[in-house]
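Step one of this worksheet: look at the structure below.
Bear in mind that the values here come from a model prediction, so they are computed numbers and not experimental data.
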Amino acid sequence: MSKLFGKFLKNTSVLALVAAPAVVFAAPSTDPISTFGIQGSYNDFKLEGGSESDKDHMPEAGLFYTFGNKLTGESGFIYQAGIEAKYGEKSDNKLKEGQADLDLGWRAALDARNFVDVIVGGGYSWTRYEPDTNDYDVKLTNKSPFAKAALGYNHQFDDMTLRVEAGARRTLDGRAKLKVDDVGSDTVDLKDRTNPYAEVSLLMNQKGDLPVMAGLYYTRTEYKLDEDSAVADNTKLKRDEYGFKVGIAF
């Protein structure tokens with residue numbers, strides 16, 4: 001009996017040693033995920049018109065939701081769809097924003113843990129600025145579809161993934177509408193602009209019950225009225241946005 005029990009323990013120990021590495025180093029799931037969370041940003045504005053310029057800044061906060069496998073996929077087709085909404089206020093000046101976009105791409109493996117990809121996509125952005133004026137209720141609304149192209153890099157750790165992405169968005173046929181209550185409104189075309197962006201994301205606790213995504217991003221956006229506009233020729237608004245996102249993946 002003792003020999004039989006000893007043989008059983010020996011065989012069990014061998015099986016445990018063989019199985020243990022597979023459990024510890026199991027690859028994270030490559031299924032698409034939903035991510036919902038909060039975001040915040042700091043915005044630097046610079047308005048240039050003629051020989052004059054003016055600078056201002058404003059904080060923002062908001063919510064975002066994404067769905068796709070851009071943070072979890074390996075070699076092959078990757079995608080991500082997302083929406084976000086933000087709101088900012090400073091000295092009774094208000095900024096409201098919304099954006100929806102869709103990314104499609106192809107990913108190639110450099111080795112078992114490192115991947116690179118090419119992304120193309122598009123979307124739609126909406127921005128409304130409501131300055132504080134004593135005499136009138138003023139609303140400046142920008143609407144613009146955009147196309148997008150980017151390069152990405154993913155590195156898989158044992159229980160998290162690091163992603164770096166950099167690219168540009170090209171606005172297409174944007175329009176700006178200025179509305180002043182009791183006075184009237186005017187709509188002008190915006191020139192198509194190419195705006196760079198970069199972001200770093202970290203998906204943590206991928207094998208746990210509650211994965212968490214955290215990231216930083218930067219975007220540069222320029223708004224310029226069409227040259228044919230007689231309202232404000234050669235007027236340009238430059239915006240640098242530095243932000244963060246934190247969300248729960250499920």
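Considering L95, D240, T221 in turn, L95 is the only one that fulfils the side chain to side chain contact (heavy atoms under 4.5 Å, CB included) rule with F45.
Summarising the local packing, CG of D209 is surrounded by 12 or fewer heavy atoms from other residues, nucleotides or ligands at distances under 6.0 Å. In the displayed structure, K90 atom NZ is contacted under 6.0 Å by more than 12 heavy atoms of other residues, nucleotides or ligands. Within 6.0 Å of CH2 on W106 lie no more than 12 heavy atoms contributed by other residues, nucleotides or ligands.
R239 forms no cation-pi arrangement with Y223, by the criterion of a distance under 6.0 Å to the ring centre and an angle within 45° of the ring axis.
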What pairs of donor and acceptor atoms, side-chain ones from residues 140-150 against any protein atom, are under 3.5 angstrom apart with sequence neighbours left out?
residue : atom : partner : partner atom : Å
T141    : OG1  : R128    : NE           : 3.1
K148    : NZ   : D103    : OD1          : 3.1
K148    : NZ   : D103    : OD2          : 2.9

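With rounding to the nearest 0.5 angstrom, the CG atom of L216 is 12.0 Å from the OG atom of S41. Considering CE of M204 and CG of L162, their distance stands at 11.0 Å, rounded to 0.5 Å. Once rounded to the nearest 0.5 Å, the distance linking OH of Y129 with NZ of K94 reads 12.0 Å.
Across every non-hydrogen atom of K70 and N154, the tightest pair is O-ND2, 3.2 Å.
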For the pair I33 and M213, evaluate side chain to side chain contact (heavy atoms under 4.5 Å, CB included) and give the outcome as yes or no after the intermediate values. CA-CA 11 Å; I33 57 173; M213 191 285 294; over 6 Å; no

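Aromatic ring centroids of Y218 and Y242 lie under 6.0 Å apart.
Between R113 and D158 there is a salt bridge, since a side-chain N of the basic residue sits under 4.0 Å from a carboxylate O of the acidic one. In summary, K245 and E199 do not engage in a salt bridge, as defined by a charged side-chain N under 4.0 Å from a carboxylate O.
Taking the six-membered ring where tryptophan is involved, the planes of H155 and F157 are perpendicular, since the angle between them exceeds 60° and thus also 30°.
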